[in-house]
Q: 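Submitted below is the structure of interest, expressed as structure tokens.
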Protein chains: 2
Amino acid sequence: MSLTQAILTSLLEKPCTGAELARRFDKSLGYFWQATHQQIYRELGAMERDGLIAAHGLPTARGRQRHFTVLAPGRAALETWCAGEGELRPIRDELLVRMRGAAVLGTVDVSAELRRHQGLHHEVLQRYEAIAERDFPSGAQRSTADELQLAVLTAGIVYEKSWLAWCEDVLAGPAGD
Amino acid sequence: MSLTQAILTSLLEKPCTGAELARRFDKSLGYFWQATHQQIYRELGAMERDGLIAAHGLPTARGRQRHFTVLAPGRAALETWCAGEGELRPIRDELLVRMRGAAVLGTVDVSAELRRHQGLHHEVLQRYEAIAERDFPSGAQRSTADELQLAVLTAGIVYEKSWLAWCEDVLAGPAGD
DNA sequence: TACGCTTGTGCAACTTGTTGCGCAAAGGAG
DNA sequence: CTCCTTTGCGCAACAAGTTGCACAAGCGTA
């Protein structure tokens with residue numbers, strides 16, 4: 001699972017506690033790999049057991065901050081994994097199921113839901129574009145790491161733009177006939 | 001969960017057995033909502049208990065074909081659900097995690113994996129376009145149901161095209177500097 | 001009839017992801 | 001100092017999705 005690797009990546013950027021990790025997932029990493037704080041704590045425990053990361057603080061002390069750092073085996077594991085291959089994740093979209101259902105039923109209008117999605121995608125797009133403008137202003141000098149991070153962000157932008165274009169297309173198409 | 005609704009949709013198109021459903025999921029529905037045969041059988045059992053569908057055949061007879069049909073409550077449930085609202089599913093992509101990891105490590109080259117993904121997306125795109133051409137040839141007269149089904153298929157095409165464009169862009173960008 | 005292959009069905013066990021709650025520590029307000 | 005709120009941590013239970021196996025029936029073949 002990629003959760004391990006996402007956590008390793010985040011911890012390499014800056015060692016921190018589980019709660020801080022959860023916050024970072026909500027902000028940046030989570031845009032392309034989501035995780036709840038429970039998943040994160042569970043995974044941190046497993047990774048600690050496997051010797052990928054280490055913590056200062058007693059493992060059993062509840063309510064006690066535990067600061068995690070990546071160990072050499074953790075870094076090695078991430079390197080191996082990043083150089084490896086992965087599958088494509090197929091689309092899994094409720095809206096499309098709704099439309100397929102509407103096609104069979106013939107009694108349901110999905111255009112309102114389409115417009116709502118258009119709005120939602122627009123919001124997300126604007127958020128991504130704001131981040132891109134803030135962190136990677138056009139014309140600035142960029143390192144290789146920056147290029148990669150920007151590419152990831154661009155994936156999100158392209159993704160949202162394509163959904164937006166599709167929504168527009170579907171809404172315009174049948175009506176314009 | 002949309003699995004219930006996806007099954008209802010498929011059964012409305014044509015009543016059939018669990019195995020046949022599984023095959024249909026692999027072929028058409030599964031392009032935007034996947035399910036294994038286990039999920040399907042489990043769900044069929046629950047839906048039968050809830051009175052959404054009915055089967056000819058004994059529930060406990062193993063190895064015995066059970067043919068399912070949608071009942072009125074099932075159709076009503078699908079109508080209600082299709083007219084409802086849903087959340088956006090955020091991106092969840094391993095490749096992007098790999099790239100973020102590579103950005104932090106600085107020792108990993110992801111271009112080979114990018115090219116591989118480009119190829120995979122290209123394959124999927126061609127499959128979708130073949131289906132579109134076969135089932136909805138351009139210029140033909142189309143019903144409202146056809147328009148909806150085509151829109152769903154178009155979503156897949158747009159999706160794959162946008163990933164392809166992104167792969168191309170990322171591969172060309174940093175190299176062309 | 002006996003044998004093996006394929007198909008349809010389903011149990012069991014596991015992993016991953018989600019939700020809700022509880023407890024401990026820290027820090028501010030009375 | 002005591003009370004209360006916030007923050008960090010984690011258990012427990014559940015829902016969804018995956019994997020592997022097992023059993024029954026049908027069918028072709030010897």
Side-chain angles (χ1 to χ4, degrees), chain A residues 1-7 10-11 14-27 29-30 32-50 53-68 86-94 97, chain B residues 1-7 10-11 14-27 29-30 32-50 53-68 86-94 97:
Chain A
M1 271 303 313
S2 315
L3 182 54
T4 315
Q5 286 79 27
I7 290 176
S10 194
L11 283 181
K14 187 162 160 26
C16 64
T17 67
E20 170 63 21
L21 265 181
R23 257 178 266 121
R24 268 194 245 167
F25 264 82
D26 282 345
K27 266 185 288 180
L29 258 173
F32 52 92
W33 200 273
Q34 304 78 42
T36 63
H37 71 121
Q38 301 305 346
Q39 275 178 279
I40 291 171
Y41 282 124
R42 203 196 289 169
E43 194 64 31
L44 282 172
M47 290 164 73
E48 192 183 10
R49 268 199 307 283
D50 297 347
I53 58 176
H56 326 137
L58 296 150
T60 47
R62 223 180 194 177
R64 216 37 189 298
Q65 275 208 353
R66 308 195 64 218
H67 218 80
F68 289 94
E87 299 296 306
L88 289 193
R89 220 152 251 263
I91 305 178
R92 196 163 248 243
D93 195 304
E94 262 190 30
V97 179
Chain B
M1 269 304 313
S2 315
L3 182 54
T4 315
Q5 286 77 26
I7 291 176
S10 195
L11 284 181
K14 187 163 161 28
C16 64
T17 67
E20 170 62 22
L21 265 180
R23 258 178 265 120
R24 269 194 243 168
F25 264 82
D26 282 345
K27 264 188 284 179
L29 257 174
F32 52 92
W33 200 274
Q34 305 77 41
T36 63
H37 70 122
Q38 301 305 344
Q39 276 177 278
I40 292 171
Y41 281 122
R42 202 196 291 168
E43 195 63 31
L44 281 172
M47 290 164 73
E48 192 183 11
R49 268 198 309 281
D50 297 347
I53 57 175
H56 326 140
L58 296 149
T60 47
R62 225 180 193 175
R64 217 35 188 297
Q65 273 209 356
R66 308 194 65 217
H67 219 80
F68 290 94
E87 298 296 306
L88 289 191
R89 221 150 250 265
I91 305 177
R92 196 162 249 244
D93 195 301
E94 261 191 32
V97 179

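All chains are named by letter (A, B, ...) in the order of the sequence lines, taking the proteins before the strands, and each is independently numbered beginning at 1. Any value given below was found using the heavy atoms of this structure, including those in side chains, with hydrogens, waters and symmetry copies removed.
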Q: What contact category does B:Thr17 fall into here, base, sugar-phosphate, or nothing, at under 4.0 angstrom with non-hydrogen atoms?
A: sugar-phosphate
Q: Rounded to whole angstroms, how far apart are CE on A:Met1 and P on C:dT18?
A: 11 Å
Q: Which residues pass the side-chain contact (heavy atoms from CB on, under 4.5 Å) test with B:Met1, sequence neighbours left out?
A: B:Leu3, B:Trp33
Q: Provide, to the nearest angstrom, the distance between the CD atom belonging to A:Glu43 and the P atom belonging to C:dG17.
A: 9 Å
Q: Can you tell me how far C1' of C:dG10 sits from CD1 of B:Ile40, to the nearest Å?
A: 13 Å
Q: Backbone N or O of B:Leu44 within a donor-acceptor pair of the B:Glu48 side chain at under 3.5 Å?
A: no
Q: In whole angstroms, how far is the P atom of D:dG8 from the CD atom of A:Glu20?
A: 8 Å
Q: Nearest-Å distance, NE2 (B:His67) to P (C:dT7)?
A: 18 Å
Q: Ignoring the backbone of B:Thr36, work out which of D:dT18, D:dC9, D:dG17 is nearest its side chain.
A: D:dT18
Q: Let me confirm one number: the CZ-CD distance from A:Arg89 to B:Glu94, rounded to the nearest 0.5 Å.
A: 6.0 Å
Q: From the list C:dT18, D:dG17, D:dG8, which nucleotide is the closest neighbour of the side chain of B:Gln39?
A: D:dG17
Q: Answer yes or no: is there a donor N or O on one side and an acceptor on the other, between the side chain of B:Gln39 and the main chain of B:Thr36, under 3.5 Å?
A: yes
Q: How many whole angstroms separate atom CG of A:Leu44 from atom P of D:dG8?
A: 14 Å
Q: From CG of B:Leu3 over to C1' of C:dG17, roughly how many Å is that when rounded to an integer?
A: 16 Å
Q: At 4.0 Å (heavy atoms only), tell me whether B:Gln38 reaches a base, stays on the sugar-phosphate, or touches nothing.
A: base
Q: How close or far is atom C1' of D:dG10 from atom CE of A:Met47, stated in whole angstroms?
A: 17 Å
Q: Taking only the side-chain heavy atoms of A:His37 (C-beta and beyond), determine which of C:dG17, D:dG17, D:dG10 contains the nearest atom.
A: D:dG10
Q: Of the nucleotides C:dT18, C:dT9, C:dG8, which one has an atom closest to the side chain of B:Arg23?
A: C:dG8
Q: So, is B:Arg42 close to the C:dT9 phosphate, meaning a side-chain N or O under 4.0 Å from OP1 or OP2?
A: no
Q: Using the closest heavy atom to pick a nucleotide of DNA chain C for each, name whichever of A:Gln34 or B:Tyr41 lands nearer the 5' end.
A: B:Tyr41
Q: Going by the rule side-chain contact (heavy atoms from CB on, under 4.5 Å), which residues pair with B:Glu20 if we only count those two or more places apart in sequence or in a different chain?
A: B:Cys16, B:Thr17, B:Arg23, B:Arg24
